[in-house]
Every structure is written in structure tokens, then in C-alpha cells.
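Residue numbering restarts at 1 for every chain, and letters A, B, ... go by the order of the sequence lines. Treat the numbers as computed from the prediction; the structure is a model and nothing was measured.
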Protein chains: 2
Amino acid sequence: MSPTHTGVTAAPAGLDPCGRADHPDCGIRDVLDRVGDKWSVLVIVELAAGPRRFRQLQRAIDGISQRMLTLTVRRLERDGLVVRTVYPTVPAQVDYRLTETGTSLTHLVKALADWSLAHSETIAEARRAYDDEHPGNEIR
Amino acid sequence: MSPTHTGVTAAPAGLDPCGRADHPDCGIRDVLDRVGDKWSVLVIVELAAGPRRFRQLQRAIDGISQRMLTLTVRRLERDGLVVRTVYPTVPAQVDYRLTETGTSLTHLVKALADWSLAHSETIAEARRAYDDEHPGNEIR
DNA sequence: CGGAATCCGAGTAGATACTG
DNA sequence: CAGTATCTACTCGGATTCCG
């Protein structure tokens with residue numbers, strides 16, 4: 001992983017609760033729905049390496065169905081995170097690439113990945129401990 | 001005859017639990033599934049302000065059902081992001097608070113919130129533009 | 001190749017009712 | 001207060017098929 005760990009502003013002490021009671025959500029949901037999406041992140045990560053065509057993406061992500069890739073990529077396009085370019089060749093050729101906005105998101109994804117890696121063992125251990133203490137408790 | 005599908009069950013049958021085989025994304029899913037969860041983030045944000053009891057959480061997050069709050073908080077507990085403490089009072093009193101791990105996640109959530117706020121307008125605009133160019137295209 | 005449309009099962013969220 | 005237990009509704013994702 002690159003040492004340049006940008007994108008994540010060291011959060012100020014005060015964490016103001018967005019998306020609380022009254023106010024709907026400060027727009028966090030929009031992002032979270034996208035980031036939390038199983039495939040979006042993988043697509044973004046893949047595109048972070050450079051422009052890709054539909055098939056390339058599907059092969060790279062492996063496990064994703066055409067349907068899901070289409071939907072995922074459409075949503076990303078709609079959100080302006082990805083640009084879809086169609087070349088009127090035969091057969092048709094389409095490539096996808098991240099926009100500036102999309103690229104900036106990769107930094108967060110990176111940060112998330114870093115955090116994930118740094119704590120995966122701790123989490124796994126916690127799960128084992130929990131499952132051990134709570135046998136028969138299926139919470140997934 | 002009707003296309004009685006090949007008796008295919010829901011069995012993954014060869015699908016990696018990580019999502020990808022040749023890429024270090026394995027641990028990310030665990031976190032993403034948690035962060036991407038609609039309620040987990042809100043709970044984490046709320047707990048970032050300090051320990052909360054069940055009811056407090058439910059009132060603060062407002063919109064979440066008991067069931068969902070229970071499930072969410074259980075998962076967070078299982079992952080070692082939250083500690084659940086039961087006080088044998090009458091009536092029972094339980095409080096939840098973030099662990100060190102959970103607190104560290106708070107920073108990422110904050111970063112996500114920042115990003116979200118910084119780009120919400122851009123995204124909203126992109127969506128409007130897309131919806132305008134693609135009328136009748138319901139991808140949501 | 002890229003994508004839309006359809007079918008369909010599985011998992012998840014919500015409302016409700018009940019318990020310690 | 002803090003859950004647990006159901007039952008239902010709905011969305012999501014996968015597989016398949018057809019089109020430009």
C-alpha cells in the first residue's frame with residue numbers, strides 16, 4: 001500500500017451526529033448506500049487502476065453477474081462517479097472510467113481497506129469469542 | 001416443458017467468501033458489510049458521543065425498530081466494536097459504548113461524512129442531469 | 001461485446017405482540 | 001426498560017434469454 005495516506009482528514013474531536021432523529025440524513029446515506037454496496041467498491045477499486053471495458057470489469061471482479069455489474073455501473077454513472085463512453089464500433093465497445101469525484105472516493109475506500117486490514121484479526125477474534133460465549137446464537 | 005431450473009440451490013458453489021481471489025480485498029467485506037449497513041453507522045455515530053442505553057439509542061436514531069436496533073447492536077458487539085454492559089437493576093438497564101476498535105472506526109465514518117457533505121451537491125446535480133437525460137430510466 | 005428484460009428464490013426490514 | 005418471537009412485505013441478487 002502506498003504510504004501517501006491522504007483523503008482522511010484526522011477527525012476533529014467533536015463528532016456532530018449527522019443523520020439523527022429529525023433531520024433525514026446529511027447526505028451520508030447517499031454515499032453509504034453506494035460504498036456499502038457489495039459491488040460498487042470493487043468496481044471503484046478496479047477502475048482506480050485505469051479505464052476498463054464492461055467485460056474487463058466483469059472478468060476482473062469475477063463473481064458479479066452482468067445484471068449486477070450493469071446496475072452497479074449505472075448507479076455510479078448516475079452519481080457522477082463514473083463516466084461511460086460508448087464507441088460506435090462493431091461490436092459496440094464501452095469503457096468506464098472514474099471521474100474526479102469517483103477518484104476522490106478511492107481514497108476513502110483505501111482508508112477503509114487499511115482500517116479493515118489493521119483490525120481484521122481483532123474483529124475475527126472478537127467474533128470467535130462471541131460465538132464461543134453465545135453458542136446457538138445466530139446473528140450472522 | 002417448463003424450464004425447471006437445474007435444481008440449483010442457493011449454494012455458492014465455488015464463490016470465494018472474500019469476493020475476489022487474486023486481490024487483497026478479503027478483509028474489506030467484513031468492514032463494508034458493517035459500515036454499509038443502514039443502521040450501524042448511525043449507531044456508531046451516536047455512540048461516538050458517549051455511552052447510551054438501548055432506549056436512548058432508539059430514540060436518538062428514530063426510525064429504527066427495536067428489532068433492527070437489537071440486531072445492529074448485536075453485530076457490532078460480536079465484531080468487538082461495541083461493549084454491552086448489563087446492570088442487574090429493576091428494570092434492567094443496559095448500556096452500550098464503543099470499544100477502542102469501534103472508536104477508531106468513528107474516524108473513518110467521519111471521513112465518509114465529510115466526503116459525503118463535500119460532494120453531496122455534485123452528486124445530486126449529477127443525478128438530476130442523469131435523470132434528465134434518461135427519462136423513464138428507473139435505476140435508482 | 002454490451003446490455004435489457006424476465007423469472008424467481010433468499011435474505012432482510014418493519015410492525016406487532018409478548019416476556020423478564 | 002430491554003429484549004425475544006412471529007409473520008409478512010419487499011428488495012436484492014443470480015441465472016437465463018434475447019436484442020442491437
Side-chain angles (χ1 to χ4, degrees), chain A residues 29 33-34 36-43 51-78 82-97 134 136-140, chain B residues 1-17 19 29 32-34 36-43 51-78 82-96 134 136-140:
Chain A
R29 282 260 56 84
D33 285 347
R34 205 56 62 238
D37 187 42
K38 182 177 182 181
W39 303 113
S40 293
V41 178
L42 297 181
V43 169
R52 294 282 188 273
R53 296 211 311 282
F54 191 85
R55 277 301 211 191
Q56 282 186 297
L57 280 175
Q58 192 176 3
R59 268 184 245 108
I61 298 179
D62 179 79
I64 192 173
S65 59
Q66 300 96 316
R67 191 178 117 89
M68 287 327 292
L69 181 53
T70 299
L71 286 175
T72 302
V73 111
R74 278 287 180 286
R75 290 177 193 142
L76 291 174
E77 184 196 3
R78 178 172 181 251
V82 159
V83 182
R84 176 170 172 273
T85 311
V86 183
Y87 298 98
T89 60
V90 175
Q93 187 174 318
V94 180
D95 81 43
Y96 298 90
R97 68 189 64 203
H134 305 262
N137 201 335
E138 289 290 337
I139 35 173
R140 220 256 300 196
Chain B
M1 296 305 288
S2 62
T4 46
H5 63 69
T6 62
V8 171
T9 60
L15 196 69
D16 284 61
R29 283 260 55 85
L32 255 32
D33 286 347
R34 206 55 63 236
D37 188 41
K38 181 178 180 179
W39 303 113
S40 294
V41 178
L42 298 180
V43 169
R52 293 283 189 272
R53 298 209 309 284
F54 191 85
R55 273 304 213 188
Q56 282 185 297
L57 280 176
Q58 193 176 2
R59 267 184 245 108
I61 298 178
D62 178 81
I64 192 173
S65 59
Q66 301 94 315
R67 190 178 116 87
M68 281 300 101
L69 181 54
T70 299
L71 287 176
T72 302
V73 111
R74 279 284 181 287
R75 289 178 193 142
L76 291 174
E77 184 196 3
R78 178 172 181 250
V82 158
V83 183
R84 176 169 171 272
T85 312
V86 182
Y87 298 99
T89 60
V90 175
Q93 187 173 316
V94 181
D95 81 42
Y96 297 90
H134 306 262
N137 201 336
E138 289 292 335
I139 52 171
R140 224 217 43 200

Legend entry - Between P of C/dG2 and CD1 of A/Ile61, the distance in whole Å: 13 Å
Legend entry - Integer-rounded Å distance: D/dA15 P and A/Leu71 CG: 14 Å
Inset, instruction - May I have the distance from A/Leu69 (atom CG) to D/dG13 (atom P), rounded to whole angstrom? - result: 13 Å
Legend entry - Selection from D/dG14, D/dA2, C/dA4 that lies nearest to any side-chain heavy atom of A/Thr70: C/dA4
Inset, instruction - In whole angstrom, give the distance that lies between atom CD of A/Gln58 and atom C1' of C/dG2. - result: 10 Å
Legend entry - Separation of atom CG in B/Asp62 from atom P in C/dA15, rounded to whole Å: 11 Å
Inset, instruction - Among the candidates C/dT6, C/dA15, D/dC1, find the nucleotide nearest to the side-chain atoms of A/Arg67. - result: C/dT6
Legend entry - Phosphate contact (D/dG3 OP1 or OP2) by B/Arg84 side-chain N/O below 4.0 Å: yes
Inset, instruction - State whether A/Tyr96 places a side-chain N or O below 4.0 Å from either non-bridging phosphate oxygen (OP1 or OP2) of C/dG3. - result: yes
Inset, instruction - Figure out the CZ/C1' separation between B/Arg75 and D/dG3, and round it to whole Å. - result: 16 Å
Legend entry - Selection from C/dT16, C/dG2, D/dC1 that lies nearest to any side-chain heavy atom of B/Gln66: C/dT16
Legend entry - Atom pair distance, as rounded to whole Å: OH in A/Tyr87 and P in C/dG3: 13 Å
Inset, instruction - May I ask you to evaluate whether B/Arg74 reaches the phosphate of D/dT4, defined as a side-chain N or O under 4.0 Å from OP1 or OP2? - result: yes
Legend entry - D/dA2 base / B/Arg55 side chain donor-acceptor hit below 3.5 Å: no
Inset, instruction - Can you figure out which of D/dA2, D/dG13, C/dG2 approaches the side chain of A/Val94 most closely? - result: C/dG2
Legend entry - B/Trp39 vs C/dG14: side-chain N/O to OP1/OP2 distance below 4.0 Å: yes
Legend entry - C/dG2 OP1/OP2 closer than 4.0 Å to side-chain N/O of A/Arg52: no
Inset, instruction - Look at the side chain of A/Arg59 and decide which nucleotide, out of D/dC1, C/dA13, C/dC1, has an atom nearest to it. - result: C/dC1
Legend entry - Integer-rounded Å distance: C/dG11 P and A/Lys38 NZ: 12 Å
